[in-house]
There are 2 protein chains.
Amino acid sequence: MKKLINDPADVVAESLRGVEAAHRDHVRVDHDNRIVYRRDTPRAGKVGLVSGGGSGHEPMHGGFVGVGMLDAACAGEVFTSPVPDQMMAATETVDGGAGVLHIVKNYTGDVMNFDMAAELAGDVEVRSVVTNDDVAVQDSTFTAGRRGVGATVLLEKIVGAAAEEGRTLDDVHALAVRVNESARSMGVALTSCTVPSAGKPTFELADDEIEVGIGIHGEPGRERKPLAPARDVAAMLVEPVLADLPHQRGDSVIAFVNGMGGTPLIEQYLMFNEVTKLLDQAGLTIARSLVGSYMTSLEMAGCSVTLLRCDDELVRLWDAPVNTPGLRWGA
Amino acid sequence: MKKLINDPADVVAESLRGVEAAHRDHVRVDHDNRIVYRRDTPRAGKVGLVSGGGSGHEPMHGGFVGVGMLDAACAGEVFTSPVPDQMMAATETVDGGAGVLHIVKNYTGDVMNFDMAAELAGDVEVRSVVTNDDVAVQDSTFTAGRRGVGATVLLEKIVGAAAEEGRTLDDVHALAVRVNESARSMGVALTSCTVPSAGKPTFELADDEIEVGIGIHGEPGRERKPLAPARDVAAMLVEPVLADLPHQRGDSVIAFVNGMGGTPLIEQYLMFNEVTKLLDQAGLTIARSLVGSYMTSLEMAGCSVTLLRCDDELVRLWDAPVNTPGLRWGA
């Protein structure tokens, strides 16, 4: 295992120290509870947004804490759900009287623990949205139902902008549900990743093989296929996404090509170019786009494609100012 | 070779198509000349900033084109200098009457070709700054003198802000020289990278070895060492940088931990945490910081550390609005 770490047991704690040191202007970190907070949370009358999940997907979620996005992110061990006590502490801390929305990716541990935290934080009004945008498989290693993947990033941005406008918890929750329902994703891995505490690759792939429909923790996808040109890999992702996404010709989408952590940007842009051609053939307009490594799987090579069908309201909220370590514009 | 590409010969051209499709609001691309332009260049009275170099280092340089940073970036083949005709075209296009600064990393091909371009663009007043911040080795595979690395990113940001203010070519050039002289860098590789047209790794490293002082094209560094904990690796980089950087206790720096392309962000933040401890011991204050993969070497795993000794003026220019695909804030 070749990593820039000290003791595998300290990876998450030490990385959070680095996040705090690099971004004191945006965030503060509760190191005991491993929670990244927006500096100015709670804000009276603003719905608090709490997310979190296993570490190893950086910048998600801690890198999306700040103005226009999350109020708090709970960090679990690598690829392991945070515990209810963390989520409860975050929920109580960020509540400004308008209630709190939990943004939860659909993995069994996360869903269970966020549910428990909502009960534990009894004085706070809590709603929850569970993202499940991954069309690759119906159930998976850590999931009943579809996995939550790239849509989570888009949702945190859009819902973050809505919360910033002072909308009610009902409104913000309904918007979150709508974003999740309007988004679909699928990913591919060219290589595995190595969880520090495991010390060896999560799975093995032959030199000429790719895993189509990969999960963000290395869960198996739909099938293994021979390595193929980027245009064919793009079709392997975009076609199942479009087959499942309710849409018609002439619709607009936010198109997101996400690097898994070990894929260079030059390849991500090349993939984005292939995706644009496929969307053009499908009669879809790209209203906005995002290309980069925003939801990673440690050093896994590969990428995912997320399409979010959008209207003027979603585009307006997407364009709203955001000021976080991982996503920043207009602020 | 496992990459998300089509034909290796088309990687740069197809990736630039993706850049254009993703960032139409910021840039336009001259595909014949492989130049990424700021949408609103030339601007009357503003010094034009042109950089460029081999591809494979994304987001550098094309990702740094936009308001508050570069006016144009010329893309060469992977790890290969662009040609003088590209640089000349960029120079003539971005000149708004106030002259053009070439920002050149110190590699023999780049320096020679930018020099030739300055001569060819005879009607435009051209100055040049050559970055050479890498303390690892005096001469290198592709370099007479020190290599230009991470300082280039910081310089493009700071000098970009100065040009935006309408400063003269003399001023902008002097500032660029000052930034380069105030910055030092060193990098380490945990793995090699594979140039698409070569199809095999540029160099070999054993499973327990790291290359200390690596160049951004995989050029040999100072020495191969056994893989070590992050705190020791950080010292291997920070100590030579501090030994060479003119500074005294109490000085402020902009601290930049750069991922090489295959190193996950969780490790980059962990390394940044180690760097902060070493700077604290040296009595240096971190005025600003940057953590992320901004100057990459394809999928190489590893990182570099750049320290720029700064004063209030440099910090103010660093904080100024920037709106590019790769670096964006306040705009």
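So you know, we letter chains A, B, ... as the sequences are listed, proteins then strands, and number each from 1.
Looking at B:Asn273, its side chain never comes within 3.5 Å of a backbone N or O of A:Ala21 through a donor-acceptor pair. B:Asp207 places no side-chain N or O within 3.5 Å of a backbone atom of A:Met1 that could act as its donor or acceptor partner. Within the 3.5 Å criterion, the main-chain N or O of A:Tyr269 finds no donor-acceptor partner in the side chain of B:Ser15. Within the 3.5 Å criterion, the main-chain N or O of A:Glu209 finds a donor-acceptor partner in the side chain of B:Lys2. For B:Glu267 (side chain) and A:Leu4 (main-chain N/O), a donor-acceptor pair under 3.5 Å exists by modelled atom type.
Comparing A:Gln268, A:His23, A:His57 by how many heavy-atom pairs each has under 4.5 Å with chain B, the most go to A:His23. Highest contact tally toward chain A, considering only B:Thr296, B:Thr263, B:Val11, is held by B:Val11 [criterion: heavy-atom pairs under 4.5 Å]. Heavy-atom pairs under 4.5 Å with chain A peak, among B:Glu274, B:Arg24, B:Arg231, B:Met300, at B:Arg231. Among B:Val19, B:Asp208, B:Leu298, the residue with the largest count of heavy-atom pairs under 4.5 Å with chain A is B:Val19.
Here the CG-NZ distance, from A:Leu190 to B:Lys3, works out to 10.0 Å after rounding to the nearest 0.5 Å. Rounding to the nearest 0.5 Å places CH2 of A:Trp329 at 10.0 Å from CG of B:Asp25. Between atom CG of residue B:Leu265 and atom CE of residue A:Met60 there is a gap of 12.0 Å, rounded to the nearest 0.5 Å. The CD1 atom of A:Ile5 sits 12.0 Å away from atom CE of B:Met271, with the distance rounded to the nearest 0.5 Å.
Closest approach of B:Glu299 to A:Pro264, counting heavy atoms only: N-CG, 3.8 Å. Of all non-hydrogen atoms in A:Ala22 and B:Ser289, the two that sit nearest each other are O-OG, 3.1 Å. The two residues B:Ile266 and A:Gly56 make their nearest non-hydrogen contact at CD1-N, 4.1 Å.
Only the side chain of B:Leu227 comes within contact range of chain A, with heavy atoms under 4.5 Å apart. Heavy-atom distances place the side chain of B:Val291, and not its backbone, under 4.5 Å from chain A. Heavy atoms of B:Val233 lying under 4.5 Å from chain A belong exclusively to its side chain. Residue B:Thr276 touches chain A through its side chain alone, counting heavy-atom pairs closer than 4.5 Å.
In this structure, the side chains of B:Leu270 and A:Asn6 come closer than 4.5 Å at one or more pairs of heavy atoms.
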